[in-house]
Trainee: 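Got a structure for you, written out below as structure tokens; questions coming shortly.
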Amino acid sequence: MMLLAILLAAQPANVPELPKDIPANAVKYTVLSMGHAAGQQAVWTEGGKLRAFFQFNDRGRGPKTYSTISLKDGVTVAEEIEGNDYMKDPVRETFSIAADGTASWKSKAEQGSRKLSGPALYASMYGPPAETAILARAALDRGGRIALLPAGEAQVEKVLERNAEANGKSQPVTLYAVTGFDFAPNYFWLDKNRDLFAQGENWFAVVREGWEAAMPALIEASQKAQQDRARRLAERLAHRPKGLLFI
């Protein structure tokens, strides 16, 4: 038993170490995998640009990226992402909008360009969770919708408000739903400043550091919102035959 305890103590922690170059004043988040800490996100401002670091460990796999984002009127006009992806392959992704309004993007998955006729937000391949708040603010400031690059449109809707509770602390947060990326909405929580507070489900989540204990209740509220939406859709879209039905 003593040997087993020594071996277990010698095993490396599942949570990777936060790099030393992350500023002390960065807003930090905990990445949770099945409710256990597995990584971090850190967000800060440097030289007028938004910086973000994101990493987690999933049985030896997991991304580790640095992002630099330039914003204008709440919309990304330039972005660089460097590091490695989930499978540890190198990542370099770039996005920019030229003076003539032409948006260009490039990653190892795709590249392209488009002349913009209005505000549009780039949906990155390898960006950090912090991009969720950028998307939410850009859409909400424009009536709840914003065009996406390379294609599509995102719609963001307010779902409900509640207080996050953890370790004797309480903070008001708001649940939002975004459609346009998947077959069903994605849900996330913003604080009163519309910065990311938490997002995710039981298997994978990101939450503001120090508020990890609030996550189970936030997940439960998010799941109930999803169930309520499914119930409303079923009531509205169901076809009820008036006669015999053969299948």
Side-chain angles (χ1 to χ4, degrees), residues 29 31-35 38 41 54 56 58 61-63 65 67 75-76 79 81 85-87 91 93 95 103 105 107-112 114 118-162 173-190 194 196-207 215-241 245 247:
Y29 297 77
V31 178
L32 299 173
S33 178
M34 298 300 293
Q41 175 182 252
F54 178 57
F56 66 85
D58 179 16
R61 293 168 288 187
T65 59
S67 301
V75 177
T76 302
E79 182 170 9
I81 304 169
D85 63 12
Y86 178 80
M87 298 303 295
V91 162
E93 182 174 6
F95 169 79
W105 56 90
S107 70
K108 65 179 182 179
E110 62 179 346
Q111 70 178 78
R114 176 176 299 178
L121 198 71
Y122 175 61
S124 70
M125 291 287 296
Y126 303 101
E131 289 184 345
T132 301
I134 298 174
L135 166 67
R137 292 191 295 265
L140 293 170
D141 289 344
R142 293 164 176 81
R145 295 176 180 270
I146 189 165
L148 295 175
L149 293 169
E153 180 186 69
Q155 180 177 353
V156 177
E157 295 180 298
K158 178 180 174 180
V159 179
L160 59 88
E161 296 178 345
R162 67 169 297 153
V173 291
T174 303
L175 180 66
Y176 290 89
V178 56
T179 55
F181 291 93
D182 295 303
F183 292 112
N186 296 314
Y187 293 83
F188 56 91
W189 298 87
L190 302 184
R194 298 193 301 179
L196 182 66
F197 185 82
Q199 69 181 69
E201 299 292 343
N202 287 315
W203 67 275
F204 185 85
V206 178
V207 62
M215 206 59 205
L218 296 182
I219 291 174
E220 182 179 358
S222 174
Q223 290 176 338
K224 185 179 184 303
Q226 297 176 54
Q227 293 165 1
D228 291 344
R229 176 182 181 271
R231 188 178 300 108
R232 292 192 301 269
L233 287 176
E235 293 172 351
R236 180 165 59 89
L237 301 176
H239 295 273
R240 296 178 175 83
L245 175 65
I247 298 178

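Residues: numbered from 1 along the sequence shown.
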Trainee: Minimum heavy-atom separation for Val206 and Pro129, please, with both atom names.
Mentor: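 What the structure gives for the nearest pair is CG2-CG, 4.0 Å.
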Trainee: Quick one: list whatever passes side-chain hydrogen bond (donor to acceptor under 3.5 Å, both in side chains) with Arg231, sequence neighbours left out.
Mentor: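 Scan of Arg231 (side-chain hydrogen bond (donor to acceptor under 3.5 Å, both in side chains), adjacent residues dropped) gives Asp228.
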Trainee: Which heavy-atom pair separates Gly127 from Ser124 by the least distance, and what is that distance?
Mentor: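 Answer, listing the atom of Gly127 first, then Ser124: N-OG, 3.0 Å.
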Trainee: When rounded to the nearest 0.5 angstrom, what is the spacing between CG in Asn202 and OG in Ser33?
Mentor: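 Here the interatomic distance stands at 11.0 Å.
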Trainee: To the nearest 0.5 angstrom, please state how far the CZ atom of Arg229 sits from the OG1 atom of Thr179.
Mentor: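 Answer for the CZ-OG1 pair, Arg229 versus Thr179, is 7.5 Å.
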Trainee: Return the set of residues passing side-chain hydrogen bond (donor to acceptor under 3.5 Å, both in side chains) with Gln111 (not counting sequence neighbours), or none when no residue passes.
Mentor: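 side-chain hydrogen bond (donor to acceptor under 3.5 Å, both in side chains) list for Gln111, sorted by chain: empty.
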Trainee: Can you name the side-chain hydrogen bond (donor to acceptor under 3.5 Å, both in side chains) partners of Gln199, sequence neighbours left out?
Mentor: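 Residues passing side-chain hydrogen bond (donor to acceptor under 3.5 Å, both in side chains) with Gln199: Thr132.
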Trainee: Where do Ala120 and Val75 come nearest, in terms of heavy atoms and distance?
Mentor: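 Closest heavy-atom pair between Ala120 and Val75: O-CG1, 3.3 Å.
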Trainee: Hey, does the side chain of Glu93 reach the backbone of Met125 with a donor-acceptor pair shorter than 3.5 angstrom?
Mentor: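 Yes, because the side chain of Glu93 sits within donor-acceptor range (under 3.5 Å) of the backbone of Met125.
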Trainee: Glu153: which residues meet the salt bridge (charged side-chain N to carboxylate O under 4.0 Å, His left out) condition with it, sequence neighbours left out?
Mentor: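 Glu153 satisfies salt bridge (charged side-chain N to carboxylate O under 4.0 Å, His left out) with Arg145 once adjacent residues are dropped.
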Trainee: Please list, chain by chain and in numerical order, all residues satisfying side-chain hydrogen bond (donor to acceptor under 3.5 Å, both in side chains) with Arg194, sequence neighbours excluded.
Mentor: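 Result, side-chain hydrogen bond (donor to acceptor under 3.5 Å, both in side chains) vs Arg194: Asp141.
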Trainee: Taking only residues two or more places apart in sequence or in another chain, which ones pass salt bridge (charged side-chain N to carboxylate O under 4.0 Å, His left out) with Arg61?
Mentor: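 Residues passing salt bridge (charged side-chain N to carboxylate O under 4.0 Å, His left out) with Arg61: none at all.
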Trainee: Mind listing the closest non-hydrogen atom pair of Gly200 and Ile219 along with its distance?
Mentor: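 Looks like O-CG1, 4.1 Å.
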Trainee: Contact between Leu175 and Arg162 at the side-chain level, heavy atoms closer than 4.5 Å - yes or no?
Mentor: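 No, every pair of side-chain atoms sits at 4.5 Å or beyond.
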Trainee: Closest approach of Pro119 and Ile146, non-hydrogen atoms and distance?
Mentor: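 Heavy atoms only, the tightest pair is O-CG1, 4.1 Å.
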Trainee: Between Asp58 and Tyr86, is the side-chain hydrogen bond (donor to acceptor under 3.5 Å, both in side chains) condition met? List the steps.
Mentor: CA-CA 9 Å; Asp58 179 16; Tyr86 178 80; 2.5 Å; yes
Trainee: Quick one, Asp85 and Lys108 - any side-chain contact, counting heavy atoms below 4.5 Å?
Mentor: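 Side chain of Asp85 against side chain of Lys108, heavy atoms only: contact under 4.5 Å found.
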Trainee: Quick check: does any side chain N or O of Tyr29 sit under 3.5 Å from a backbone N or O of Leu196, one acting as donor and the other as acceptor?
Mentor: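 At least one qualifying donor-acceptor pair exists.
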Trainee: Can you name the side-chain contact (heavy atoms from CB on, under 4.5 Å) partners of Leu245, sequence neighbours left out?
Mentor: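 For Leu245, the residues satisfying side-chain contact (heavy atoms from CB on, under 4.5 Å) (neighbours in sequence not counted) are Pro241, Ile247.
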Trainee: Can you tell me how far apart CZ (Phe95) and CG (Leu121) are? Round to the nearest 0.5 Å.
Mentor: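 Between atom CZ of Phe95 and atom CG of Leu121 there are 7.5 Å.
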Trainee: What's the verdict on side chain to side chain contact (heavy atoms under 4.5 Å, CB included) for Trp105 and Arg114, showing C-alpha distance, side-chain angles and the deciding distance?
Mentor: CA-CA 9 Å; Trp105 56 90; Arg114 176 176 299 178; 4.1 Å; yes
Trainee: Quick one: side-chain contact (heavy atoms from CB on, under 4.5 Å) partners of Glu157, sequence neighbours excluded?
Mentor: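 Partners of Glu157 under the side-chain contact (heavy atoms from CB on, under 4.5 Å) test: Gln155.
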Trainee: Heavy-atom distance under 4.5 Å between the side chains of Pro63 and Val91, does that happen here?
Mentor: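 Counting from C-beta outward, Pro63 and Val91 never come under 4.5 Å.
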Trainee: Considering residues at least two apart in sequence or located in another chain, which fulfil the side-chain contact (heavy atoms from CB on, under 4.5 Å) criterion with Met34?
Mentor: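 Checked Met34 against side-chain contact (heavy atoms from CB on, under 4.5 Å); matches are Trp203.
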Trainee: Phe56: which residues meet the ring pair (Phe, Tyr, Trp, His ring centres under 6.0 Å) condition with it, sequence neighbours left out?
Mentor: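 Residues passing ring pair (Phe, Tyr, Trp, His ring centres under 6.0 Å) with Phe56: Phe54, Phe204.
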Trainee: Under 3.5 Å, which donor-acceptor pairs link side chains of residues 182-190 to any protein atom two or more places apart or in another chain?
Mentor:
| from | atom 1 | to | atom 2 | distance (Å) |
| --- | --- | --- | --- | --- |
| Asp182 | OD2 | Asn186 | ND2 | 3.0 |

Trainee: With sequence neighbours excluded, what pairs up with Arg142 under the salt bridge (charged side-chain N to carboxylate O under 4.0 Å, His left out) test?
Mentor: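 Partners of Arg142 by the salt bridge (charged side-chain N to carboxylate O under 4.0 Å, His left out) criterion come out as none, since no residue qualifies.
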Trainee: State, yes or no, whether a side-chain contact exists between Arg137 and Val156 at a heavy-atom distance under 4.5 Å.
Mentor: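 No, every pair of side-chain atoms sits at 4.5 Å or beyond.
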Trainee: What closest approach, in Å, do Ala103 and Leu149 show between heavy atoms, and which atom pair accounts for it?
Mentor: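 Where Ala103 meets Leu149 most closely, the heavy atoms are CB-CD1, 3.7 Å.
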